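Every heavy atom of this structure was used, including side-chain atoms; hydrogens, water molecules and symmetry mates were not. All values reported here derive from a predicted model rather than from experimental measurement.
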Amino acid sequence: MKNEAFQIKAIFENKNQLLPLLLIGDEDEQRIRKYLENGICYGLFEKEEIRAILVVSQQKERIEIENLSVLTAYQKQGLGSQLIQAVCQMYAENEIVLGTDDVSGNVDFYEKNGFEVFKREKNFFLEHYPRPLFENGVQLVDKIYLRRTVKDHGKGIK
C-alpha cells in the first residue's frame with residue numbers, strides 16, 4: 001500500500017523518545033540505545049504522527065539495518081516495505097545487511113523486499129540476550145543474516 005499521505009523523514013533529535021516504537025522490533029533496550037547513538041533513523045509519518053521507523057548504521061561501504069519497527073495497528077499494510085524500499089534507494093551504492101530471527105516470518109518479508117539469506121548464526125538469541133525471547137510461543141534461537149547487494153537494488157517488492 002503506497003499512500004502519498006505518508007512521508008519518510010530522517011530523525012536527528014530526541015531519538016530516545018522513539019524507544020517504545022523501537023522495542024517492537026528489538027526487546028533489548030540497551031542494544032537499542034547503543035545503535036541509536038550513531039545510527040541514522042528514518043521515520044514514516046502520517047500527518048506528523050510516526051507510524052514506522054528504520055534505523056541504519058554505516059560501516060564503510062556497508063549499511064546495516066539495525067531495527068525496523070511498525071506500530072502494531074499499522075502492520076501488514078505495506079508500511080514496512082515502503083520504508084525499506086525508500087531506504088534502499090537512498091543507499092543504492094551500498095550493500096545493505098541485516099539480522100533477524102527465523103521464527104517470526106521476517107525472513108520471508110525481507111526476501112519479498114529483495115534481500116537474500118547469506119548466513120545463520122547458531123544460538124545467537126540464547127547467547128546474546130539476558131532472557132529467552134519468544135515469537136508466537138516459539139523460542140528464538142538462531143539469527144539469520146540477509147543482504148541486498150548493489151546489483152539487487154533494482155529489485156522491488158516481489
Flag if over 12 foreign heavy atoms under 6.0 Å of CD, E61: no

Residue E13 excluded, over 12 heavy atoms near CD under 6.0 Å: no

Check whether any side-chain heavy atom of [X] lies under 4.5 Å from a side-chain heavy atom of [Y], and answer yes or no.
X: V117; Y: Y145; value: no
X: T149; Y: F118; value: no
X: I40; Y: Y91; value: yes
X: E121; Y: H128; value: yes
X: F109; Y: L68; value: yes
X: Q7; Y: L44; value: no
X: I63; Y: V97; value: no

[X] (side chain) donor-acceptor with [Y] (main chain) under 3.5 angstrom:
X: E64; Y: L98; answer: no
X: N14; Y: Q17; answer: no
X: D28; Y: Q30; answer: yes

Option from I53, I32, L36 for which side chain to side chain contact (heavy atoms under 4.5 Å, CB included) with K15 holds: L36

Test side chain to side chain contact (heavy atoms under 4.5 Å, CB included) applied to L18 and I50, V55, L23, the passing residue: I50

Interatomic distance, [X] atom [atom1] to [Y] atom [atom2] [nearest 0.5 angstrom]:
X: R51; Y: I8; atom1: CZ; atom2: CD1; answer: 14.0 Å
X: L71; Y: L21; atom1: CG; atom2: CG; answer: 5.0 Å
X: N113; Y: Q82; atom1: CG; atom2: CD; answer: 11.0 Å

Closest contact, heavy atoms only, S69 versus G25: OG-N, 3.0 Å

Smallest separation among heavy atoms of R148 and C88, with atom names: NH1-SG, 3.6 Å

Plane angle bin for Y129 and F124 - parallel if under 30°, tilted between 30 and 60°, otherwise perpendicular: perpendicular

Does [X] share a hydrophobic cluster with [Y], counting links as ILVMFWY side-chain heavy atoms below 4.5 Å and allowing steps through other members?
X: V107; Y: F125; result: no
X: V70; Y: V103; result: no
X: L126; Y: L133; result: no

Y110 six-ring centre to R147 NZ/CZ under 6.0 Å and within 45° of normal: no

Lys NZ or Arg CZ of K9 over Y42 ring: under 6.0 Å, within 45°: no

Could you go through residues 136-144 and list every donor-acceptor pair under 3.5 Å that involves a side-chain atom there, pairing it with any protein atom two or more places apart or in another chain?
residue : atom : partner : partner atom : Å
D142    : OD1  : N123    : N            : 2.9
D142    : OD2  : R120    : NH1          : 2.9

salt_bridge(R33, E29) N-O dist < 4.0 Å: yes

Ion pair check, R131 and E27, cut-off under 4.0 Å: yes

Stepwise side-chain contact (heavy atoms from CB on, under 4.5 Å) check, L83 with F6: CA-CA 10 Å; L83 185 52; F6 293 105; over 6 Å; no

Donor-acceptor pair between S57 and E66 side chains, under 3.5 angstrom: yes

Check against side-chain contact (heavy atoms from CB on, under 4.5 Å), L146 and N106: CA-CA 10 Å; L146 296 99; N106 288 344; over 6 Å; no

Audit row: Y35, V56, side-chain contact (heavy atoms from CB on, under 4.5 Å) steps and yes/no: CA-CA 8 Å; Y35 58 69; V56 299; over 6 Å; no

